[in-house]
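Just below is one structure, and these are the notes that go with it.
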Number of protein chains: 2
Amino acid sequence: MPIQKITREEIISKCVERFRTHGFHSSTMSDLAEVCGLQKGSFYHYFTSKDEILEEGLKQMSAYFQEHIFAIAYNDHLPPKKRMKSMLQKHTAMMLHKHGGCIVANIATEALHTNPDVKPLLVEVSDNWHAALRYILQSSYTAKAAEIRAWRIIQDIEGAIMLTRLYGKETFIKQALQRSVEYCDGETAESAKRV
Amino acid sequence: MPIQKITREEIISKCVERFRTHGFHSSTMSDLAEVCGLQKGSFYHYFTSKDEILEEGLKQMSAYFQEHIFAIAYNDHLPPKKRMKSMLQKHTAMMLHKHGGCIVANIATEALHTNPDVKPLLVEVSDNWHAALRYILQSSYTAKAAEIRAWRIIQDIEGAIMLTRLYGKETFIKQALQRSVEYCDGETAESAKRV
DNA sequence: GTCTATAAAACGATAGAC
DNA sequence: GTCTATCGTTTTATAGAC
């Protein structure tokens, strides 16, 4: 009786990570199998197609983010500023890992045209990220202001990740992170005008 | 004697546009040929490989941007605010066209790992964009402040393009554009602290 | 559940006629 | 300069042994 080398969940994790760092269309089934320490043929015991790996992968990733990253926002025992810093540091560290960038932005860029079915999954992750940020910011802002500022934090970080990857300098993402944390300080007469 | 259906320059333009809207790895040689109204075989009269098309395409695009978009920044007959608005409107309109996004960001995301040689070309375009923005902002800011704010405009717009594509709403990019134009109004006591 | 072997299709690239 | 035809390779996916 052959031993179980790897669980389905682990396979999915490794594939998503490969998609993030090498791209979806650049990752062949052989590549994915190799990353998991399996032969190409063994892969079809778990999935019927490459597209299914992407879809399952994004579902699992969405759940992971909600449970292990965005959940930090709702821990009311910590002050808002600490939650914001902790959550974003964990999130951006993952994006910077191996210079792979944001999986949501990457898949949206390269696979939305060939795999339009995954769009709701990407939107789901972004929506959950936004809800988490908004929840933290509602301690310091009105509901409307918190919503708008939450989008701007996502936008700021996504732009920073892109520049950080292109120029290989972490300045962009570090400053975006700092700005986001300072957002928790609340409204000033000047900043209100700038929304 | 067969007539010339299309010039090399036109072929390159159509290929770059296809890469931007459908991705590099998702665009086959057949796709590219079809877009140009040619047969696959005819393509190899102009290029030796698909990678060469990408490289030549990015070179031509870089020159086009410098000449037709970034050049607007250096037209000192117009007030800074008008130059900023005119340049960014033209640039973002191209990015939004067919929801294709920014060619630089797209190629950086999906082809930097398979085609690292094109990185200098992507950096060149970004550098030129930054220089154009910085030139406009130097009317209102110190050299150092102008440099930092020019990067933040690029970052803001790249993040906005990503969100606009994912959510299909132009609010993100429109507001980023407005913020960028308002940057030309110059330093205030509050905004200085926020750099 | 994992392997090897192989089928079937897609793709990049070449050859040669016109 | 464009076409048709085709080669060689890569890639997705399947079949069947263990």
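We name chains A, B, ... by the order of the sequence lines, and we start the count at 1 in each one. As a basis for the values below, the full set of heavy atoms in this structure was taken, side chains included, without hydrogen atoms, waters or symmetry mates.
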**Request:** Show your reasoning for whether salt bridge (Lys or Arg N to Asp or Glu O under 4.0 Å) applies to R179(A) and E182(A).
**Result:** CA-CA 5 Å; R179(A) 279 193 293 272; E182(A) 284 171 4; over 6 Å; no
Rounded distance in Å - [atom1] ([X]) to [atom2] ([N]):
X      : N       : atom1 : atom2 : answer
K40(B) : dA15(C) : NZ    : P     : 15 Å
Y46(B) : dT14(C) : OH    : P     : 17 Å
E34(B) : dC11(C) : CD    : C1'   : 15 Å
M29(B) : dG12(C) : CE    : C1'   : 7 Å
D51(B) : dA13(C) : CG    : C1'   : 12 Å
I53(A) : dA13(D) : CD1   : C1'   : 11 Å
L54(A) : dT12(D) : CG    : P     : 13 Å
F47(B) : dT14(C) : CZ    : C1'   : 17 Å

**Message:** For dA13(C) and Y44(B) - does any side-chain N or O of the residue sit under 4.0 Å from the phosphate oxygens OP1/OP2?
**Reply:**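 For dA13(C), OP1 or OP2 has a side-chain N or O of Y44(B) closer than 4.0 Å.
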**Prompt:** Any side-chain N or O of Q39(B) less than 4.0 Å from the OP1 or OP2 oxygen of dT2(D)?
**Reply:**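 Checking dT2(D) against Q39(B), no side-chain N or O comes under 4.0 Å of OP1 or OP2.
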Looking only at side-chain atoms of [X], point me to the closest of [options].
X      : options                  : result
L38(B) : dA13(D), dT2(C), dT2(D)  : dT2(D)
T28(B) : dC3(D), dT12(D), dC11(C) : dC11(C)
H45(B) : dC3(C), dG1(D), dA13(D)  : dG1(D)
Q4(A)  : dG12(C), dA13(D), dG1(C) : dG1(C)
S42(A) : dT12(D), dG12(C), dC3(C) : dC3(C)

**Side chain proximity check, L32(A) to T28(A), heavy atoms < 4.5 angstrom** =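 Heavy-atom side-chain distance check fails, nothing below 4.5 Å.
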**Prompt:** When rounded to the nearest 0.5 angstrom, what distance separates CZ in R165(B) from NZ in K119(A)?
**Reply:**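 Here the interatomic distance stands at 9.5 Å.
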**Request:** Run the salt-bridge test on R8(B) and E56(B) with the 4.0 Å N-O cut-off and return the result as yes or no.
**Result:**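 Here R8(B) pairs with E56(B) in a salt bridge, since their nearest N and O are under 4.0 Å apart.
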**Prompt:** Hey, does I6(B) reach any base, or is it just sugar-phosphate, or nothing, if we go heavy atoms under 4.0 Å?
**Reply:**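 Since only primed, P, OP1 and OP2 atoms lie under 4.0 Å of I6(B), the category is sugar-phosphate.
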**Request:** Could you check whether F43(A) gets within reach of a base, just the sugar-phosphate, or nothing at all, counting any heavy atom under 4.0 Å?
**Result:**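 Since no nucleic acid heavy atom lies under 4.0 Å of F43(A), the category is nothing.
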**Asked** Does NZ or CZ of K50(B) come closer than 6.0 Å to the centre of the six-membered ring of F24(B), within 45° of the ring's axis?
**Response**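 Yes; both conditions hold, so K50(B) lies above the ring face of F24(B).
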